Amino acid sequence: MKKIILTGDRPTGRLHLGHYVGSLKNRVKLQNSGDYDEIYLMIADAQALTDNFLNPQKVKDNVLEVALLYLACGIDPQKTTIFIQSQVPALTELTFYYMNLVSVSRLLRNPTVKNEIKLRGFEESVPSGFLNYPVSQTADITAFDATTVPVGDDQLPMLEQAREIVHSFNHIYGDTLVTPKELLPEDEKAHRLPGIDGKAKMSKSLNNCIYLDATNEEIKEKVMQMYTDPNHIKVSDPGKVEGNVVFTYLDVFCNDEHFQKYLPDYKNLDELKEHYSKGGLGDVTIKKFLINILIEIITPIRCKKQELMQNLDAVYDILKEGSKKANIKANETLKRVKHNMQIDYFDNPEFLEEMKEKFTNK
Ligand code: TRP
């Protein structure tokens with residue numbers, strides 16, 4: 001069986017470091033591993049509209065924004081098919097058929113959906129499109145025969161729901177759809193990068209993000225604001241490493257070479273942590289170190305994005321070509337689905353024969 005990846009993002013804002021460690025970096029690695037036969041990367045504009053339907057401009061503006069950052073981070077359109085969800089009609093069609101296989105109460109029980117309904121204040125009246133987005137996500141995954149879906153752990157309930165739908169479809173209509181499996185980032189720590197305020201997640205509305213196209217000035221400003229240990233007042237005070245955002249970031253981003261380059265008084269992070277815990281190490285020193293590391297990571301991404309912005313025609317063509325390819329693949333799956341559901345009247349010569357037999361002989 002072919003190994004196929006599908007994954008994607010809602011285009012609702014600029015991508016930040018949380019996206020980078022949680023998914024983008026890993027996608028580039030998977031893309032370049034040569035382990036996969038096909039890779040699809042979807043800009044999920046239709047899904048973004050399920051909770052932004054009053055603000056289509058926001059979704060539109062972010063389609064190219066997301067595409068630019070994909071490319072700037074190293075996604076190669078020769079290896080990864082980048083496409084726009086709404087431009088692949090088979091996905092909406094599949095969603096409609098899969099909706100028969102899921103109960104409303106099952107959708108309401110999905111922990112991710114439950115949480116998002118609360119966050120968006122939808123409790124009183126959940127739009128049915130929003131409630132159904134796990135079904136639409138199942139369509140995205142199965143349309144490409146995806147075996148592997150690289151996601152963060154917040155998406156696990158989606159994968160579970162997708163497998164239920166696949167199982168139920170194959171049971172009712174015969175073996176048709178491929179059962180997908182999630183692929184979590186290898187690095188536990190990278191699962192979720194907190195915001196600079198130490199809150200669980202980077203989020204635009206909390207203003208706690210470091211964006212992937214941040215300037216050096218912006219990086220400095222954000223790191224200097226980072227939450228550390230409120231009881232570490234004087235340099236000589238012992239400091240706490242757990243819950244200290246600077247160390248959380250260093251855990252994710254720094255390696256021993258960074259020490260040689262920017263902070264040669266220490267060999268590695270363990271030594272730095274030990275000194276900080278004992279006392280005698282100031283926040284400014286660890287923050288400056290982190291600033292140097294983040295500048296090293298972000299600068300090439302920002303520069304590549306700027307270069308791509310000068311040639312938007314090419315980016316537009318990549319999305320158009322990718323969407324064309326995605327349509328070919330998704331239409332093949334749709335054809336199989338409709339055949340097995342017995343609704344392929346004009347593609348199936350047996351249909352008329354069967355009906356003739358039925359009606360003429362009566
Ligand atoms: N839900 C994902 C997000 O919030 C985007 C998405 C849509 C997706 N369809 C998908 C991810 C299918 C993986 C597989 O960003």
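Note that ligands are numbered from 1 as they come in the structure, with each ligand's atoms numbered from 1 the same way. Worth saying up front: this structure is predicted, and the values here are computed from it rather than measured.
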Chemist: Does the pair E65/K305 count as a salt bridge with the N-to-O cut at 4.0 Å?
Modeler: yes
Chemist: Pull out every atom of ligand 1 sitting under 4.0 Å from any heavy atom of A44, numbered as shown with elements.
Modeler: 7 (C)
Chemist: Check for me whether Q155 has a heavy atom closer than 4.0 Å to any atom of ligand 1.
Modeler: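 Yes, Q155 has heavy atoms under 4.0 Å from ligand 1.
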Chemist: Is a side-chain N or O of N268 found less than 3.5 angstrom from the main chain of E271, in a donor-acceptor match?
Modeler: yes
Chemist: What protein heavy atom sits nearest atom 2 (C) of ligand 1, and how far away is it?
Modeler: Q47 OE1, 3.7 Å
Chemist: Give the numbers and elements of all ligand 1 atoms closer than 4.0 Å to a heavy atom of L6.
Modeler: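 Within the 4.0 Å cut-off of L6, ligand 1 contributes 12 (C), 14 (C).
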Chemist: Give the atom numbers and elements of ligand 1 that come within less than 4.0 Å of a heavy atom of V149.
Modeler: 13 (C), 14 (C)
Chemist: Taking only heavy atoms of M42 into account, list the atoms of ligand 1 that are under 4.0 Å away from them.
Modeler: 7 (C), 9 (N), 10 (C)
Chemist: Considering only NZ, NE, NH1 and NH2 on the basic side and carboxylate oxygens on the acidic side, decide whether K220 and E217 come within less than 4.0 Å.
Modeler: yes
Chemist: Name the one of I301, D213, L68, L212 that satisfies side chain to side chain contact (heavy atoms under 4.5 Å, CB included) with L15?
Modeler: L212
Chemist: Identify the protein heavy atom lying closest to atom 9 (N) of ligand 1, giving its residue, its atom name and the separation to 0.1 Å.
Modeler: D140 OD2, 2.8 Å
Chemist: Between K338 and D347, is there a salt bridge with N-O shorter than 4.0 Å?
Modeler: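 Here D347 does not pair with K338 in a salt bridge, since their nearest N and O are not under 4.0 Å apart.
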Chemist: Among all protein heavy atoms, pick out the one at the shortest distance from atom 4 (O) of ligand 1; state its residue, atom name and that distance to 0.1 Å.
Modeler: R10 NE, 3.3 Å
Chemist: Should the pair F83 and F144 be assigned to parallel (<30°), tilted (30 to 60°) or perpendicular (>60°) ring geometry?
Modeler: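 Tilted: the ring planes of F83 and F144 meet at 30° to 60°.
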Chemist: Below a 4.0 angstrom heavy-atom separation, can you tell me which part of Q85, side chain or backbone, both or neither, approaches ligand 1?
Modeler: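 Neither; no heavy atom under 4.0 Å.
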Chemist: Can you check whether A46's main-chain N or O pairs, donor with acceptor, with T50's side chain at less than 3.5 Å?
Modeler: no
Chemist: In the protein, which heavy atom is nearest to atom 12 (C) of ligand 1, and how far is it?
Modeler: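 Of the protein heavy atoms, Q137 CG, 3.3 Å lies nearest.
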